[in-house]
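All heavy atoms count here, side chains included; hydrogens, waters and symmetry mates do not. Within every chain, numbering begins at 1; the chains are lettered A, B, ... in the order of the sequence lines, protein sequences first and strands thereafter.
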There are 2 protein chains.
Amino acid sequence: MKKKNKRPSIKDIADRVGVSTALVSYVLNGQEKEKRVSAEVTQRIREVVKELKYTPNQIARSLRKGFTKTLGLIVADIANPFFGSLARFIEDEANAYGYTVIIGSSDEDCEKSSLLVDTLLNRQVDGFIIVPSDGCTNHINDLVNDEMPVVLVDRYIPGITTNYVILDNFNASMDAVGHLIFKGYRRIGMIAYQSSLIHMKERVRGYCQAMEAAGLGKNILVREVRHAHLDRDMNRVLKEILVDENKVDALYFATNAIAINGLYFIQKNKIKVPTECALIGFDGNEAFDFFASPLTFIKQPIHEMAKEAVKIVVDQINGSRKVAHIMLQHELIRRQSCG
Amino acid sequence: MKKKNKRPSIKDIADRVGVSTALVSYVLNGQEKEKRVSAEVTQRIREVVKELKYTPNQIARSLRKGFTKTLGLIVADIANPFFGSLARFIEDEANAYGYTVIIGSSDEDCEKSSLLVDTLLNRQVDGFIIVPSDGCTNHINDLVNDEMPVVLVDRYIPGITTNYVILDNFNASMDAVGHLIFKGYRRIGMIAYQSSLIHMKERVRGYCQAMEAAGLGKNILVREVRHAHLDRDMNRVLKEILVDENKVDALYFATNAIAINGLYFIQKNKIKVPTECALIGFDGNEAFDFFASPLTFIKQPIHEMAKEAVKIVVDQINGSRKVAHIMLQHELIRRQSCG
DNA sequence: CTGAAAGCGCTTACAG
DNA sequence: CTGAAAGCGCTTACAG
């Protein structure tokens, strides 16, 4: 525990120079002009700061100032490529504003998410960027009611009036399914998470809408799988609709993880894409590129999402009271999996 | 900035109950027995804590106690799947010990790494887990000389006596190349990063050793590519050895990112694997599974690496002075890319 | 131009 | 069993 040399404090500098800590603080914060610190003293302080390799203790500063220049970020799982990139963009963007970010993974589990919020609150983060999990209404509501700066990303919670930046999931789904229809597929199935989260609902709604608009309402086939039992559920569902019975000629996977899982099944069962079944996925992924028939997919503007989220939360921290709802548009990346 | 209700402090509780802050602190820290706080007061304090939804301000606590229960983690890039998983395992492991982790990405850039160390130092992290970049000797040395708890992961720096947990890269390389030789390949090339980092040197050394041991010393062919210009360099190198001239019948990729990049080239140029060129990679990756001929690769024990790293740094924080050098063993995952 | 002092929210030796 | 007080390392209004 004992460091060879405990880090120097502002007091050490003041003593060395022979002035009060106030002057050191002023110089350190570039206020030597306003506070009219003499040129010699300023100079001398600068020297000693360098000599002692002084760097300010942000903890003390935070306690005094009431803010920490820290953002709390809660994602589903930092090891998931979508959230990994999102986190990386947020990290860079936040740094540009002088903020450090503390990341936590919720595993889409509401309890974990709530615990993370508590931890981050105790650590006095100045604001939150949250990918909310299913059923998280309560603790996010508490945050919002406390007027803590919050921005939800990837999804929002309909009951809560707060900032969010999301993809236009409905439209993205419409586009994906529309593309399949345009390519001539009629028996198009969708695999989605069993979730009451809005982004999932919207993706399903977009699918249904596109099907109905094309007069294919009777062909609507949505199978839900559980996040916590993805392998098992995917296996059961795909076996049912692709192997035991031939229920679809195209499949739309609602997320990255669902798609990857589906591709394993399809590869293992030697189902030919797109001849036996066309495919379309959500979010880019290197794995999609190497699949026998590279996957057509909905690309999310992750960088922009990160940028907007950080901007909004920083604005809120700086006192903005307006509520921002940002809806971004996707890009459809066309490749071979849809023929 | 102004919160509707500023969070209650220990003082608010004390006032409400009508006791001093000392008693509240004792109860909050479960010391009511040692400090002999009366049962009634303890009870009353507990009630008010609940009523006011009080949670301690860790910033104040940290300032007073001199530690923050925070770990600083520096990886090359959190968006890279290898570092993403590593970070996730470290997060979980650290949480189990009561630590929060702050993650930063260095992009293998020494300057960025140094800046991150400064930021984390200012934030008074209790210890560091670092994936060192090329040329980072100086600032890591400073940390070590200051007796700051540090553990290096994935690689270490030969000149610095400190803790590390790494893969036995030499042995892993020997095994990978040995496998190719066993499968009958003779003109085996290797693509590695241009780097003086020990993990890369060891991987190259293992390759050379395996080649020489098999009497294939004259066939040794190592091409180095730059991290910052991966695309360009890979393209040039692969064009040279696979397209313009047929210099190898097997290729060993020294990292995940190099392998992925190589696979794009091979896919684009329609080179048949393993008939025209066998392949072997480092680190698992979903993309490897979907490549036309699923890649044989060296699997690193990421979870164990994370576990050891956190354990070591926490031990150091708790006062341990012994230096730990952990070398983990790989697993060779055999699939179709080597015939 | 500079210093003494209060205070952020805690913990903890000390006194009673 | 309990309270008054010092102090962690800063910032900042106030006084001179």
Side-chain angles (χ1 to χ4, degrees), chain A residues 1-3 5-45 48-49 52-70 121-124 126, chain B residues 1-3 5-45 49 52-70 121-126:
Chain A
M1 280 303 259
K2 53 198 154 166
K3 306 283 148 39
N5 7 307
K6 148 172 149 4
R7 298 180 67 201
S9 75
I10 223 171
K11 180 104 194 338
D12 297 323
I13 314 233
D15 288 352
R16 197 95 149 206
V17 179
V19 293
S20 74
T21 58
L23 294 198
V24 180
S25 177
Y26 294 149
V27 172
L28 251 18
N29 291 297
Q31 301 175 34
E32 66 273 10
K33 292 276 179 278
E34 304 93 291
K35 303 294 180 174
R36 304 149 171 250
V37 182
S38 70
E40 304 93 288
V41 170
T42 301
Q43 164 81 0
R44 189 81 190 91
I45 288 174
V48 176
V49 161
L52 263 45
K53 291 190 186 159
Y54 170 83
T55 53
N57 180 329
Q58 296 297 345
I59 295 291
R61 188 160 207 266
S62 296
L63 180 59
R64 177 57 226 247
K65 305 264 285 187
F67 57 76
T68 54
K69 282 281 189 181
T70 305
L121 232 28
N122 291 350
R123 284 167 186 274
Q124 311 290 120
D126 298 333
Chain B
M1 279 300 263
K2 54 200 151 155
K3 307 285 147 37
N5 7 308
K6 155 171 146 356
R7 297 180 67 201
S9 75
I10 221 170
K11 180 107 192 340
D12 296 323
I13 313 234
D15 288 352
R16 196 94 149 207
V17 179
V19 294
S20 75
T21 59
L23 294 199
V24 179
S25 176
Y26 295 148
V27 171
L28 251 19
N29 291 297
Q31 300 174 35
E32 67 273 11
K33 291 276 178 277
E34 303 93 291
K35 303 293 181 175
R36 304 148 172 252
V37 183
S38 70
E40 304 91 288
V41 170
T42 302
Q43 164 79 0
R44 190 83 190 88
I45 289 174
V49 162
L52 264 47
K53 290 189 186 163
Y54 170 84
T55 54
N57 180 328
Q58 295 296 344
I59 296 290
R61 188 160 207 263
S62 295
L63 180 59
R64 175 58 225 248
K65 303 266 287 186
F67 57 76
T68 54
K69 281 283 189 176
T70 305
L121 230 29
N122 291 350
R123 284 168 186 274
Q124 312 291 117
V125 297
D126 297 333

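Listed by chain and number, the residues in a salt bridge (Lys or Arg N to Asp or Glu O under 4.0 Å) with A:Asp12 amount to none (sequence neighbours excluded). Looking at residues two or more places apart in sequence or on another chain, you find no salt bridge (Lys or Arg N to Asp or Glu O under 4.0 Å) involving B:Arg123.
For the pair B:Thr70/B:Gln124, no side-chain contact is recorded, criterion being any heavy-atom separation below 4.5 Å from C-beta on. Side-chain contact check for A:Leu28 versus A:Arg61: every heavy-atom pair is 4.5 Å or farther apart. B:Tyr54 places a side-chain heavy atom less than 4.5 Å from the side chain of B:Ile10.
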Q) Reading nucleotides 8-16 of chain D from the 5' end, what letters show protein touch, with B for base, S for backbone sugar-phosphate only, - for no heavy atom under 4.0 Å? A) BBBBBB---
Q | Nucleotide pairing, DNA chain C (Watson-Crick or G-U, distances under 3.5 Å), in dot-bracket with [ ] and | | A | |||.||||||||.|||
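Here A:Asn122 contributes atom CG and B:Ser62 contributes atom OG; the two are 10.5 Å apart, rounded to the nearest 0.5 Å.
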Determine all donor-acceptor pairs shorter than 3.5 Å in which one atom belongs to a side chain in residues 16-23 of chain B; sequence neighbours excluded.
| from | atom 1 | to | atom 2 | distance (Å) |
| --- | --- | --- | --- | --- |
| B:Arg16 | NH2 | B:Glu51 | OE2 | 2.9 |
| B:Ser20 | OG | B:Ala22 | N | 3.4 |

What pairs of donor and acceptor atoms, side-chain ones from residues 31-40 of chain A against any protein atom, are under 3.5 angstrom apart with sequence neighbours left out?
| from | atom 1 | to | atom 2 | distance (Å) |
| --- | --- | --- | --- | --- |
| A:Glu32 | OE2 | A:Arg46 | NH2 | 2.9 |
| A:Ser38 | OG | A:Val41 | N | 3.3 |

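Residue A:Arg44 contributes atom CZ, which lies 19 Å from atom P of C:dC1 at whole-angstrom precision.
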